[in-house]
Colleague: 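If you scroll down you'll find the structure; I have some questions about it.
We count ligands from 1, going down the list as the structure has it; atoms in each ligand are counted the same way. The structure displayed is predicted, hence computed values, not measured ones. Throughout, residue positions are numbered sequentially from 1 according to the sequence presented.
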Amino acid sequence: MNRKYRKTIIAGNWKMNKTLTETKAFADEIKPQLGKHKWCEVVLCVPFVNIPAAVRMFKDTRVAIGAENVHFEDHGAFTGEVTAEMLKEVGVKYVIIGHSERREYYGETDFTVNKKIKAALAAGLHPIVCVGESLEQRELGVTAELINYQVKCALSGLDASQMRKVVIAYEPLWAIGTGKTATAEQANEVCEIIRGIIRHQFGARVARAVTIQYGGSMNAKNAAELLAQPDVDGGLIGGAALKVPDFLQIIAAANQE
Ligand code: 13P
């Protein structure tokens, strides 16, 4: 973290978990325990159908609500899809774009990621853009090249003021849902590479201000060590964001004096 130059963001990605009733139970349990978390922004990205209710449940807190996907067009014949404007109007602040599960199962590509980022920005949303290598790619030694390619494609055509609104999440595929976390050094190394790419494209001041999260089996135990790294500005958390005590501990780790 580097709180002097950029926001620390702890974001839960609930994926396809929690009904409306379960969402309410989570909100009722966490709200009295939230405290001020003055050093970080807290976000919960929840399934589309529960967004309006989640916005209402957390409206008197500093927890922002996010979506897990968005379409890149602003209207039309795209059965089952949702536009950025629709998300904005119901109170969404962040949207996850290019999660590896969407790349793997739903044909998301670096080019659709780029279009979705532009659509999200045009509607006034903050994209959380996911990049990351597979185990094979890491073992082949092409992590830096792959990250470079994904980040460049994702950010192509953005200007500096748009870039300042984008969050990047480094999520190594081999660490997602596996209980196998990247070491703090591995996480920082790639977050630093990402910041270098942004510096090259948008300049040092923008690069210094961009939040770069780590995601992949971040939990109550390892969060403090990961967040202590200079280029790791938060977390995108799956499993551990479904349990109130675990999520609270991660928020606490981001708020240590
Ligand atoms: P886990 O924290 O469950 O590994 O999931 C990480 C993730 O994919 C967040 O987007």
Colleague: Hey, any chance L20 and L242 share a hydrophobic cluster, counting ILVMFWY side chains that come within less than 4.5 Å of each other, even indirectly?
Modeller: yes
Colleague: Heavy-atom distance under 4.5 Å between the side chains of L87 and V95, does that happen here?
Modeller: yes
Colleague: Short list, please: which atoms of ligand 1 are under 4.0 Å from a heavy atom of K15?
Modeller: 5 (O), 6 (C), 7 (C), 8 (O)
Colleague: Between the side chains of Q256 and W39, is a donor N or O closer than 3.5 angstrom to an acceptor N or O?
Modeller: no
Colleague: Who's the nearest protein heavy-atom neighbour of atom 7 (C) of ligand 1, and how far?
Modeller: E171 OE2, 3.2 Å
Colleague: Atom CD in E171, atom CD1 in I128: separation rounded to 0.5 Å?
Modeller: 9.5 Å
Colleague: Can you find an N/O atom of G177 closer than 3.5 Å to an N/O atom of ligand 1?
Modeller: yes
Colleague: Would you mind running through ligand 1 and noting each atom that sits below 4.0 Å from a heavy atom of L236?
Modeller: 9 (C), 10 (O)
Colleague: Could you check atom 2 (O) of ligand 1 against the protein and tell me its nearest heavy-atom contact, residue, atom and distance included?
Modeller: G238 N, 2.9 Å
Colleague: Is there side-chain contact between Y106 and T112, with heavy atoms separated by less than 4.5 Å?
Modeller: no
Colleague: Considering both backbone and side-chain atoms of T178, is one of its nitrogen or oxygen atoms within less than 3.5 Å of a nitrogen or oxygen in ligand 1?
Modeller: no
Colleague: Please indicate whether any nitrogen or oxygen in G239 is less than 3.5 Å from any nitrogen or oxygen in ligand 1.
Modeller: yes
Colleague: Under 4.0 Å from any heavy atom of G216, which atoms of ligand 1 are there?
Modeller: 4 (O), 6 (C)
Colleague: Please could you name the atoms of ligand 1 that A175 approaches to less than 4.0 Å, counting only its heavy atoms?
Modeller: 4 (O)
Colleague: Is R3 atom CZ crowded by more than 12 heavy atoms from other residues, nucleotides or ligands, each under 6.0 Å away?
Modeller: yes
Colleague: Heavy-atom contacts with H99 under 4.0 Å: which atoms of ligand 1 show up? List them by number with element.
Modeller: 7 (C), 8 (O), 9 (C), 10 (O)
Colleague: Check ligand 1 against S217 and write out every atom of the ligand that is under 4.0 Å from a heavy-atom position of the residue.
Modeller: 1 (P), 2 (O), 4 (O)
Colleague: Y94, V113: one ILVMFWY side-chain cluster at the under-4.5 Å cut-off?
Modeller: no
Colleague: Are any of the heavy atoms in A169 under 4.0 Å away from ligand 1?
Modeller: no
Colleague: Residues in side chain to side chain contact (heavy atoms under 4.5 Å, CB included) with E225, at least two apart?
Modeller: A184
